[in-house]
Colleague: 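Let me give you the structure first, and then I'll get to my questions.
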There are 2 protein chains.
Amino acid sequence: MTVTGVKNFFATRIEEENMKSKKQTQLAPHKSKGRPRTFDREVALHRALGVFWRSGYEPAAMSELCAAMEINPPSLYAAFGNKAQLFMEAVQHYEDVYWNATWQRMEDTRDIREAMATFFSEAAGILTSQEVPCGCMVILAATNVSQEAKEVNDALRALRQEGRDCFLTRLKRAVVEEQLPANTDVASLASTLNTILEGMSLQARDGMSSVELKRIAATAMTLLPAKDSEGDVPQRDKSAGVKTRKKRS
Amino acid sequence: MTVTGVKNFFATRIEEENMKSKKQTQLAPHKSKGRPRTFDREVALHRALGVFWRSGYEPAAMSELCAAMEINPPSLYAAFGNKAQLFMEAVQHYEDVYWNATWQRMEDTRDIREAMATFFSEAAGILTSQEVPCGCMVILAATNVSQEAKEVNDALRALRQEGRDCFLTRLKRAVVEEQLPANTDVASLASTLNTILEGMSLQARDGMSSVELKRIAATAMTLLPAKDSEGDVPQRDKSAGVKTRKKRS
DNA sequence: ACCATTACGTAACGCCCACTACATTAATAC
DNA sequence: GTATTAATGTAGTGGGCGTTACGTAATGGT
């Protein structure tokens, strides 16, 4: 959902294997002629994801990736193209495995405050889910890269922008559903929430615990303006008045 | 003020010149015997700062630095030691030139809301002051560095922590001065403000304008709980009591 | 059986990095 | 003057990076 155009950032795909054998990784018999590969492509990709997540894009050396994936350079290049393509595929995998469900849950949860609180709480968990402090791969893995990795950074920046847009869409819906005041500055609020998410990612990389991050998340929830029944700024109150549920896949 | 121990992170200083000739850069006559240097050390340092700020620590190549500083490698190494020491000196210079006044102003401003609003507004200006999007050097210049640059990253992490501590100290004072409710969770609030500052830095590096950043800053100011005129309950207090306030100074 | 095709392991390739020998030049000390 | 000290420019150093030749091994097609 949040990730739409990742695979298209590198149009020249050396590897089109997933076209002809979509589901098979190692179990299904291979249709093509040559020697079959001796490693599980998805397992290798997942291991590469771990390296990229912990080290970042440029500090992750191909030798390190090869060691973690337990394959040699020629196998890696034959299966994934090059470092940038491997990284972008790892990012796609990362979003699918770690974030998509959480984003979807934010969209599905009716009450805006519960939706946001749950999202940020879960985010705090994801950001600290690795054994080593990492933060969010989309946010951090390509910061401070040299000029030649600009394409990768641009791709990740687009994904970060998608996150901000998700916040905005969700907040707009909350206004329509009268869970937020009509005069709420949803644009600034969405940007601020996205800013906090990115900041939390930096904090997580600095070693902040999940508990502390969730405390920040809880504090950030006070950014959501109280629903004005009629007056100005009363206390927060949740008498659920949900109308429609916009499900989008 | 915020920067205290930068110079001590690299105890082995090749260059102790600033001990024997503290103020002279090029103007004052040199006391020592040998051939005098033909470049202004502070000017060179300032140019190095620009390169590090825009490129980050590791992407900044020594060749790039030499070109910007208009000196050759041997002169650079003789004057600054090595890349890490040059960077830390640039960080010190960066704090002095760009941030110290702003931090100090936050401390000096009586009203907490005005202090915070001014700080974040000025921060938005600093983060976008370079021609190229950069963000904050302390926050971003050493993210995603390889293992061998860990010392540099640790030094910057300590500086980031100092920033959070500055927020905390200022907030505590505001509580004492009864500008914030007594039950304010100053620890979480300080962490959240620091998180937003770091997030703003990432946004700035992604190209966000000063205007948008200031909009975020204004939105973030709603995090500050309203001053309770009497014993009312102005702020949510669901996270129980807060302990573990680490006082460090 | 034989070929075409594909993945494999070994061993490198060229490039750029931070860093430095070395001879030279320019100042002070005596 | 001569000696001493220190900064300079040229031209490299070794090392790690991403990537790839190349010969071999293992499959399917016929």
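Here is the naming used below: chain letters follow the sequence lines, and residue numbers restart at 1 for every chain.
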Colleague: Roughly how many Å is it from NZ in A:K33 to P in D:dG29, rounded to a whole number?
Modeller: 8 Å
Colleague: Give every pair of a protein N or O atom and an N or O atom of nucleotides 11-18 of chain D that lie under 3.5 Å apart, one pair per line with the distance.
Modeller:
| unit_1 | atom_1 | unit_2 | atom_2 | d |
| --- | --- | --- | --- | --- |
| D:dG18 | OP1 | A:A60 | O | 3.2 |
| D:dG18 | OP1 | A:K83 | NZ | 2.6 |
| D:dG18 | OP2 | A:M62 | N | 2.6 |

Colleague: If you check the B:N72 side chain, which of D:dG9, C:dC8, D:dA26 turns out closest?
Modeller: D:dG9
Colleague: C:dC16 P sits how many Å from B:E64 CD, rounded?
Modeller: 14 Å
Colleague: Identify, with sequence neighbours excluded, every residue that meets side chain to side chain donor-acceptor pair (under 3.5 Å) alongside A:T192.
Modeller: none
Colleague: To the nearest angstrom, how far is B:L76 atom CG from D:dA7 atom C1'?
Modeller: 13 Å
Colleague: Please report the distance, rounded to the nearest Å, between CZ in A:R41 and P in C:dC8.
Modeller: 12 Å
Colleague: Does anything in residues 62-72 of chain B pair up under side chain to side chain donor-acceptor pair (under 3.5 Å), and if so which pairs, sequence neighbours excluded?
Modeller: B:R47-B:E70, B:S55-B:E64
Colleague: Going by side chain to side chain donor-acceptor pair (under 3.5 Å), name the residues that satisfy it together with B:Y94, two or more places apart in sequence or in a different chain.
Modeller: B:W99
Colleague: Could you tell me how far apart B:L65 (CG) and C:dA18 (P) are, to the nearest whole angstrom?
Modeller: 8 Å
Colleague: Check the interface with nucleotides 23-25 of chain D: list each N/O to N/O pair with the protein under 3.5 Å, or write none.
Modeller:
| unit_1 | atom_1 | unit_2 | atom_2 | d |
| --- | --- | --- | --- | --- |
| D:dA25 | N3 | A:R35 | NH1 | 3.2 |

Colleague: Given D:dT8, is OP1 or OP2 found less than 4.0 Å from the side-chain N or O atoms of B:S75?
Modeller: yes
Colleague: A:T38 side chain N/O closer than 4.0 Å to the phosphate oxygens (OP1, OP2) of C:dA7?
Modeller: no
Colleague: Test: side chain to side chain donor-acceptor pair (under 3.5 Å). Region: residues 130-143 of chain B. Which pairs qualify, not counting sequence neighbours?
Modeller: A:T143-B:T143
Colleague: Does B:K83 make a cation-pi contact with B:Y57, if we ask for NZ or CZ under 6.0 Å from the ring centre and within 45° of the axis?
Modeller: yes
Colleague: Once you round it to whole Å, what is the distance between C1' of D:dA7 and CZ of B:F80?
Modeller: 14 Å
Colleague: Got a sec, which residues hit salt bridge (charged side-chain N to carboxylate O under 4.0 Å, His left out) with A:E122, two or more places apart in sequence or on another chain?
Modeller: A:R105
Colleague: Quiz question: by atom type and distance under 3.5 Å, do the side chains of B:N100 and B:Q104 form a donor-acceptor pair?
Modeller: no
Colleague: Sequence neighbours left out, what pairs pass ring-ring contact (aromatic ring centres under 6.0 Å, His included) with at least one residue falling in residues 118-157 of chain B?
Modeller: B:W103-B:F119, B:F119-B:F167, B:F120-B:F167
Colleague: Under the side-chain contact (heavy atoms from CB on, under 4.5 Å) rule, collect the residues that match up with B:T128, sequence neighbours excluded.
Modeller: B:A204, B:S210, B:L213
